[in-house]
Every structure is written in structure tokens, then in C-alpha cells.
Enquirer: 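The structure under discussion is supplied below as C-alpha cells; questions concerning it will follow.
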Protein chains: 2
Amino acid sequence: MKKVTINSVASYAGVSKKTVSRVLNNEPNVSDATREKVLKVFKELDYTPNPIARGLAQNRSFIIGCLYDNPSKSYITRVQTGALAACHDHNYNLLIHPCELRGQDLINNIEQLLQTSRLDGIVLTPPFSDFPELVTFLKSKKIPYARVASAVLEDDSISVRSNDEQGAFEITEHLIKLGHKEIAFIKGHPDHSATEQRFKGYRRALASNGIEFNERLVEEGNFSYHSGVDSARTILDLEPRPTAVFASNDYMAAAVLKLATQMQLKVPDDISIAGFDNAPIARHIWPGLTTIAQPVEEMTHQAVTQLISHISEPQETPYQVTLEAKLITRESTAAIK
Amino acid sequence: MKKVTINSVASYAGVSKKTVSRVLNNEPNVSDATREKVLKVFKELDYTPNPIARGLAQNRSFIIGCLYDNPSKSYITRVQTGALAACHDHNYNLLIHPCELRGQDLINNIEQLLQTSRLDGIVLTPPFSDFPELVTFLKSKKIPYARVASAVLEDDSISVRSNDEQGAFEITEHLIKLGHKEIAFIKGHPDHSATEQRFKGYRRALASNGIEFNERLVEEGNFSYHSGVDSARTILDLEPRPTAVFASNDYMAAAVLKLATQMQLKVPDDISIAGFDNAPIARHIWPGLTTIAQPVEEMTHQAVTQLISHISEPQETPYQVTLEAKLITRESTAAIK
DNA sequence: TTCAATGCTGACACCGGTGTCATAATGTCG
DNA sequence: CGACATTATGACACCGGTGTCAGCATTGAA
């Protein structure tokens with residue numbers, strides 16, 4: 001069984017390579033008869049063009065890189081799922097590249113990645129989406145990129161986000177409507193722009209409901225479960241104890257829940273707990289966490305789709321979309337008694 | 001800034017392309033003087049060979065595919081981490097390919113993957129590692145592959161596993177030593193060979209401690225959290241209720257814990273619960289789950305490393321290794337009262 | 001009827017590497 | 001010192017596609 005190449009197809013069909021190439025790429029200036037003939041040979045010989053040869057000729061790799069540095073495995077897989085789907089739609093492949101934002105010489109790392117892998121474009125996921133040094137670098141290298149869940153919009157690039165501020169607002173208001181006034185807040189990792197956004201939403205909800213913001217109720221976390229434990233320890237020891245805790249993601253919320261349970265507190269009777277992200281753990285624990293669900297797959301899918309179409313035909317119009325986040329109510333929040 | 005290719009290096013160094021190529025690939029028959037000279041030019045021009053051109057010439061892609069179909073995000077990311085590390089060590093890239101074992105026409109799906117991506121090799125993770133149809137297909141196509149966590153060893157291929165049977169034996173014996181005699185068991189997904197292995201270990205521990213195996217205490221799960229809930233419902237309603245439950249993975253164990261808690265049972269005072277895999281959730285919930293930790297990254301790393309070395313120089317000697325699994329004791333198991 | 005415009009097709013170079021083979025330079029030995 | 005083996009190097013084809021351009025056929029307008 002010999003390899004089927006454009007040459008075998010051409011000689012079998014009795015036309016030139018170039019004509020076969022024209023049919024492959026749906027170029028004009030091929031008579032219908034010829035096109036039909038070639039297409040038939042494609043089927044007969046079960047021909048698939050070699051992306052590597054194509055890549056060499058066009059100086060493209062048909063590969064999109066996906067950068068991430070995230071403690072949440074579920075977030076990572078959701079990002080991958082969305083990105084993969086978009087890639088497959090356009091015969092691209094996805095190269096995953098976990099790396100540390102604060103690792104030694106990130107830019108060098110990325111430069112090497114670009115050198116050795118010849119990526120056609122890059123998807124930036126948090127916290128890279130809003131890392132100016134990296135964005136500037138990619139711009140200078142003229143590497144197309146798309147940003148997922150970025151907070152900064154004043155830019156001419158592709159950016160798909162969901163409304164973190166609004167989500168945080170809604171879940172905080174949900175707690176307020178249940179009668180809570182003393183609502184502790186655990187911040188996320190300072191490198192993530194979502195951290196600031198969620199904090200803003202929390203404060204806006206307090207303000208718009210006439211509740212005074214209290215600095216003492218705010219703890220610094222970093223999205224990791226472990227940081228949630230530390231923050232929870234401080235918060236649960238406060239006198240008087242807040243009646244609710246809103247953690248910036250579900251892992252930290254789960255940590256609060258664990259500690260509260262260890263301290264014999266009943267959730268939600270003694271204290272309400274809310275998270276963010278709707279990670280699997282939110283429904284794997286008891287009580288299930290009230291949280292905010294974001295369309296992560298959808299965001300990434302749109303970002304990559306736009307990125308690919310931008311690569312094939314560069315356009316000036318930026319693509320910037322904000323998708324909706326949704327409140328999911330579970331058992332961890334209840335009316336104050 | 002022009003592109004730096006092998007041609008520019010050659011003319012700049014005053015030698016032929018071929019000589020540059022020889023230096024690149026550490027081939028013999030280059031005088032030390034010439035080699036030095038060329039290496040210096042590499043540095044000066046900051047040259048990196050184009051893997052696409054190389055791939056075309058050698059009919060290789062320098063890409064390894066990674067197949068998986070697994071509900072556990074943490075398992076997937078661990079697999080990816082190990083595989084990526086091995087790939088980077090050898091200037092390979094990793095292409096992730098989630099797909100359904102029982103999906104429509106798996107073989108076709110994979111065939112298309114091979115056609116369009118020109119993979120140099122494939123890593124099979126459970127449940128693909130022990131799926132005969134796929135293995136046979138890859139063999140017939142002469143695609144190098146490596147199997148991770150496969151149970152079947154009578155094969156001449158690369159296979160790296162950990163000892164599921166022994167792990168299950170140890171954790172069951174751990175329960176027995178705590179005084180438990182009525183130990184329920186929740187099976188995993190029948191497509192995974194680990195399911196059978198873990199069950200075997202459970203039975204061996206019972207047998208070697210003179211406890212009679214009781215069919216009534218065994219439930220069919222499929223590794224998903226949801227299936228754990230179903231199994232838990234049945235188990236916790238048994239009269240008399242077993243004093244311990246050993247679930248084939250942590251998600252199902254977490255489900256048992258959730259249901260037990262909802263039923264006002266104290267864990268581990270009223271009932272002990274053990275899991276398998278040491279997934280993040282095992283330490284994110286309260287009480288933390290006693291479980292078995294497997295070196296997933298290490299397994300995948302070894303498998304991919306071997307796969308790549310097999311690709312560069314095919315050898316007949318199969319590489320088959322079994323790594324150790326380790327018992328991790330947390331709060332969810334305790335002596336019977 | 002003639003000439004320009006347009007449509008269709010193929011020859012050929014090119015992308016950036018590697019493989020083959022011929023040849024020049026050097027070393028070895030009787 | 002000449003015959004021969006060995007080492008070092010380069011010319012050139014090749015991998016499987018795409019881009020450029022020339023040439024021929026056909027069509028439309030003058």
C-alpha cells in the first residue's frame with residue numbers, strides 16, 4: 001500500500017499537481033468537469049493532504065498554542081475542551097502549554113515555544129490574558145493571539161470574557177436578600193484580573209443595598225484550596241462571626257466549608273457559604289455550594305474560532321464579546337435565622 | 001529581520017547545507033574545526049531548525065498523541081503533565097485527543113486523527129490501554145504506541161502500570177485491621193481494566209484474612225460521582241449496614257460520604273469510607289478520604305519517554321514496568337467501635 | 001473578422017530540511 | 001613512495017505541498 005500524495009492523485013487523474021492543489025483549496029478557475037474528476041480520485045484513493053508539506057510551503061503549522069497557569073484542573077479541562085472543539089472545526093491542532101506566570105523568564109520560555117513549535121496563534125487564558133509584558137511581546141513578534149476571560153477591553157485584539165463583576169454582584173445580592181449583612185469575602189490570586197472584578201461586584205452589591213463595606217471581613221486568598229483554609233481560619237474566628245462567606249472560587253469555598261464543619265458549625269444554618277466557577281467540587285460536597293457558573297468552554301471556543309479566522313484572513317475589526325454568568329443556588333446558602 | 005534558515009547559516013559559515021545538517025544532528029564525519037565554526041554561527045544568528053521542514057523530509061511530525069476518555073479531570077491533567085514533560089525532554093509535542101471508547105466508530109475517529117495529524121506515536125490511557133480492537137488496529141497500521149495503566153502484560157509493547165490489585169489489597173486489609181468485617185465494595189467502569197484489578201485485590205484481602213466474600217456487599221459503579229450516589233444509596237440502606245465502604249475511586253467515595261452525611265451518619269465513627277486514586281477531592285472534603293496514591297505522572301512520563309526512544313530507534317525488547325501504589329491514611333477510616 | 005479580456009491548465013521554482021553518492025583530502029601500510 | 005582505506009565535504013535530488021507565471025482556448029466587443 002503506497003502512500004497517496006498529491007502526485008499520485010495528479011497522475012491518476014491525468015492532471016497537474018497544481019490543478020489538484022486548486023481543487024483541494026477550492027480555488028476558482030477550475031472547470032467543473034476537472035473538479036469533479038479530481039474529487040472522484042480523492043475518494044477512490046482515499047487521499048488526505050499532508051499538513052506538514054502544506055505547512056512548509058505556507059510557513060504555517062496549523063497549530064494553536066494554549067497557555068495556562070491555573071490550579072483548577074476542572075477549569076483547565078474546560079478550557080481545553082472548548083479550544084479543541086474550535087480547532088477541530090478548522091483542521092487545526094491544539095498544543096497545550098502549562099507554564100508559570102511568575103516562573104523564571106516567562107518571555108524566554110514563550111519565545112522558545114514559538115521558535116520550536118511554530119505556532120500559528122496563541123490563546124491566553126487567565127492569568128496570562130491580562131499580563132501586559134506577554135501581550136506586548138506577542139504583538140512585537142506579530143503572533144496572533146486571543147484572550148479568554150480578560151478584564152481589560154481597551155485593545156484591538158480578540159477577547160472573549162464573561163461578566164465576573166456582575167456575577168459577583170448577583171451572588172452577593174443573593175446573600176443580602178437572604179438577610180445577610182456581615183458577608184466575609186475571600187479574594188483570589190492577585191495576578192488574575194478576575195480577582196479584582198469579583199471584588200468589585202461584591203462591593204457594588206453591598207453599596208447598592210446600603211451595607212457598609214468592612215475591611216475586616218476581607219481576606220487575601222489565591223484561588224487554591226490551601227489558601228482558602230488559611231482565610232477560613234481567620235474569618236471563622238472573627239467576633240462576631242460573619243453570617244456568610246463569599247469566596248472568589250469554589251475551592252476556597254470548599255475549604256471554608258471543611259473548616260466550618262470541623263468546627264461543628266452547621267452550614268447553612270450557622271453560616272452560609274458561596275463560591276464561584278461552578279467547579280465539580282461544588283456539587284460533590286455536602287451541602288452543595290451556591291456558586292456562579294461561567295460558560296468557559298463557550299468562551300474558549302469563540303476565542304479560538306475567531307483566532308483561527310483571523311489567521312486565515314487578518315482583519316482589523318476586533319472581536320470582543322462578554323458572555324453571561326449564571327447564579328446556581330444550592331444548599332450552602334440560606335436565610336439568616 | 002530575515003528568517004534564519006539552514007541556508008543562511010550555511011552561506012554565513014561558508015559550508016554546505018549538508019554540513020550544517022550534519023552538525024545539527026551530531027552526525028560523525030565532520031572535522032572539529034568545521035563543527036566549531038558552525039556551532040558558533042548557530043549562536044550568532046540564533047538559529048533554530050524548522051521542525052516542519054524536518055518533518056517533511058523525514059516523514060515525521062514530532063508529535064505524540066494522547067488518547068483519553070476519563071471522567072476525572074485531575075487524572076487527565078496528571079496524565080498530561082507527565083506526558084508533556086517527557087515530550088519536552090525530547091523536543092516532541094503533545095496532541096491531546098479526548099474521545100469516547102464506546103463512541104460511534106472509534107477506529108474511524110482514530111484513523112482520521114492519524115491521517116490528518118501524522119502522529120509519530122500514541123499513548124493510550126485507560127480505558128484505551130486495554131481495548132483490543134484499538135491495539136490491533138494500531139499494530140496493523142504500524143503506529144508505535146505505549147500503554148499506561150494497562151492490566152494485560154502478555155504483549156510485546158511498551159506498558160507502564162501501577163499495581164492496582166496490590167493497592168486494593170492493602171487498603172482493604174487496612175480496613176480489616178481496623179476491625180471491619182462487613183466491607184462494601186463499589187466497582188468501577190467495566191471498560192477499565194483497573195476495575196477488575198481493584199476488585200481482585202479486595203477479594204484477595206478478604207480471603208487472606210478469612211472473611212467470607214459477600215456478593216450482596218458489591219455494587220456496580222462506573223467511576224463517576226453520580227454512579228457513586230446510586231451505589232451509596234443501596235449500600236447505606238442495607239440491613240445490617242456494613243461498617244465500611246471501599247469505593248473504586250475517590251469520586252464515588254466522596255459520593256458515599258455525601259450521602260452518609262445527609263443521612264446523619266458520622267464518618268468514620270458510624271461508617272468508614274475508603275477511596276482510590278488520591279484525587280484532589282480526597283483532601284478537599286471533610287473528613288479527608290483514606291485512599292491509594294498512584295504515580296500517574298511518573299507512569300505517563302516513563303511510557304512516553306520509552307515511546308519516543310522506540311520511535312527514534314525501534315527495538316524489539318518490550319518495556320514493561322510496574323510502579324508502586326501507596327496507601328494514604330486520612331480521617332475517613334477508623335477502628336470499629 | 002480581429003483583438004483584447006478572461007478562463008483554464010501546467011511547468012517550474014520554492015519552502016527548509018535530510019539522504020545518496022561522488023569526490024577531494026588525509027592517513028596507513030607494505 | 002605508491003596503493004589503498006578512511007575521513008571530510010558538497011552537489012543534487014527529494015519530501016509533498018503552494019505560488020508565479022506563461023501559454024493556450026474561449027468568449028465578447030469593436
Side-chain angles (χ1 to χ4, degrees), chain A residues 2-39 41-42 45-63 91-92 114-118 120 311-313, chain B residues 2-39 41-42 45-63 91-92 114-118 120 311-313:
Chain A
K2 258 192 81 13
K3 258 183 306 181
V4 181
T5 74
I6 200 172
N7 288 300
S8 33
V9 171
S11 69
Y12 194 91
V15 298
S16 72
K17 284 168 77 167
K18 182 62 215 187
T19 299
V20 176
S21 169
R22 287 195 181 92
V23 175
L24 262 182
N25 297 287
N26 275 313
E27 284 176 30
N29 296 342
V30 179
S31 73
D32 288 351
T34 312
R35 193 179 296 274
E36 288 287 308
K37 191 169 56 179
V38 173
L39 285 172
V41 176
F42 283 173
L45 301 187
D46 192 22
Y47 169 70
T48 322
N50 183 333
I52 301 189
R54 221 175 205 174
L56 179 58
Q58 304 193 125
N59 195 24
R60 299 168 61 175
S61 61
F62 299 96
I63 294 178
N91 288 313
Y92 267 72
L114 293 172
Q115 286 270 325
T116 57
S117 302
R118 313 272 159 159
D120 288 347
I311 290 168
S312 344
E313 35 189 307
Chain B
K2 257 192 81 15
K3 257 183 305 179
V4 182
T5 73
I6 200 172
N7 288 300
S8 34
V9 172
S11 68
Y12 193 90
V15 297
S16 72
K17 285 169 76 166
K18 183 62 214 187
T19 299
V20 178
S21 169
R22 286 197 182 93
V23 175
L24 262 181
N25 297 287
N26 273 314
E27 284 176 31
N29 298 343
V30 179
S31 73
D32 289 350
T34 312
R35 193 180 297 272
E36 289 287 308
K37 190 169 56 180
V38 173
L39 286 173
V41 176
F42 283 174
L45 302 186
D46 192 22
Y47 169 70
T48 323
N50 183 331
I52 300 188
R54 218 175 209 174
L56 178 60
Q58 302 193 129
N59 195 25
R60 299 167 62 174
S61 61
F62 299 96
I63 293 178
N91 289 312
Y92 267 71
L114 293 172
Q115 286 268 325
T116 58
S117 303
R118 312 272 159 161
D120 288 346
I311 290 167
S312 343
E313 37 189 306

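Atoms considered below: every heavy atom in the structure, side chains included; atoms not considered: hydrogens, waters and symmetry mates. Throughout, protein chains are lettered first and strands after them, A, B, ... in sequence-line order, and every chain is numbered starting at 1.
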Enquirer: Check A53(A) against L56(B) and note the closest heavy-atom contact, atom names and distance.
Expert: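 Distance-wise, the nearest heavy atoms are CB-CD1, 3.7 Å.
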Enquirer: Side chains of L39(B) and V23(B): does their closest heavy-atom pair fall under 4.5 Å?
Expert: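 Yes, at least one pair of side-chain atoms sits under 4.5 Å.
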Enquirer: To check you understand the geometry: which heavy-atom pair defines the closest contact between K17(B) and A10(B), and what is its length?
Expert: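 Scanning both residues, the minimum pair turns out to be N-CB, 3.7 Å.
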Enquirer: Counting only non-hydrogen atoms, which of residues 5-14 of chain B are less than 4.0 Å from DNA chain C?
Expert: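 The answer is T5(B), I6(B).
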Enquirer: Any N/O pairs under 3.5 Å between the protein and nucleotides 7-9 of chain C? List them or say none.
Expert:
residue : atom : partner : partner atom : Å
dT9(C)  : OP1  : S31(A)  : OG           : 3.1
dT9(C)  : OP1  : T34(A)  : OG1          : 2.4
dT9(C)  : OP2  : S31(A)  : N            : 2.9
dT9(C)  : OP2  : T34(A)  : OG1          : 3.4

Enquirer: Please check if atom CG in D32(A) has more than 12 non-hydrogen atoms from other residues, nucleotides or ligands closer than 6.0 Å.
Expert: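 Check fails, neighbour count at 12 or below.
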Enquirer: For A57(B), enumerate each residue passing the side chain to side chain contact (heavy atoms under 4.5 Å, CB included) test, keeping only those at least two apart in sequence or located in another chain.
Expert: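 So A57(B) forms no side chain to side chain contact (heavy atoms under 4.5 Å, CB included) with any residue.
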Enquirer: Just how large is the angle between the end axes of the helix from dT1(C)-dA30(D) to dG30(C)-dC1(D), five pairs per end, to 10 degrees?
Expert: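 Result, rounded to 10 degrees: 40°.
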Enquirer: Would you give the length of the straight line joining atom CZ of R118(A) to atom CG of N50(B), rounded to the nearest 0.5 angstrom?
Expert: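 Here the interatomic distance stands at 4.0 Å.
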Enquirer: So, do V9(A) and L45(A) sit near enough that their side-chain heavy atoms are less than 4.5 Å apart?
Expert: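 Yes, their side chains come closer than 4.5 Å.
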Enquirer: For DNA chain D, note the earliest and the latest nucleotide, 5' to 3', having some atom under 4.0 Å of a heavy atom belonging to chain B.
Expert: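 Boundary nucleotides touching chain B, in 5' to 3' order, are dT7(D) to dG16(D).
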Enquirer: With Y12(A), which residues qualify under ring pair (Phe, Tyr, Trp, His ring centres under 6.0 Å), at least two apart?
Expert: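 With sequence neighbours excluded, Y12(A) shows a ring pair (Phe, Tyr, Trp, His ring centres under 6.0 Å) to no residue whatsoever.
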Enquirer: Atom CG in L24(B), atom CD1 in I6(B): separation rounded to 0.5 Å?
Expert: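 Reported to 0.5 Å precision, the distance equals 5.5 Å.
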Enquirer: Would you check if Q58(A) and I52(B) make a side-chain contact, meaning some heavy-atom pair closer than 4.5 Å?
Expert: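 Not in contact.
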Enquirer: For E36(A), is the CD atom crowded, meaning more than 12 foreign heavy atoms sit under 6.0 Å from it?
Expert: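 No.
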Enquirer: Between T34(B) and R22(B), is any pair of side-chain heavy atoms under 4.5 Å apart?
Expert: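 With C-beta onward as the side chain, the pair stays apart.
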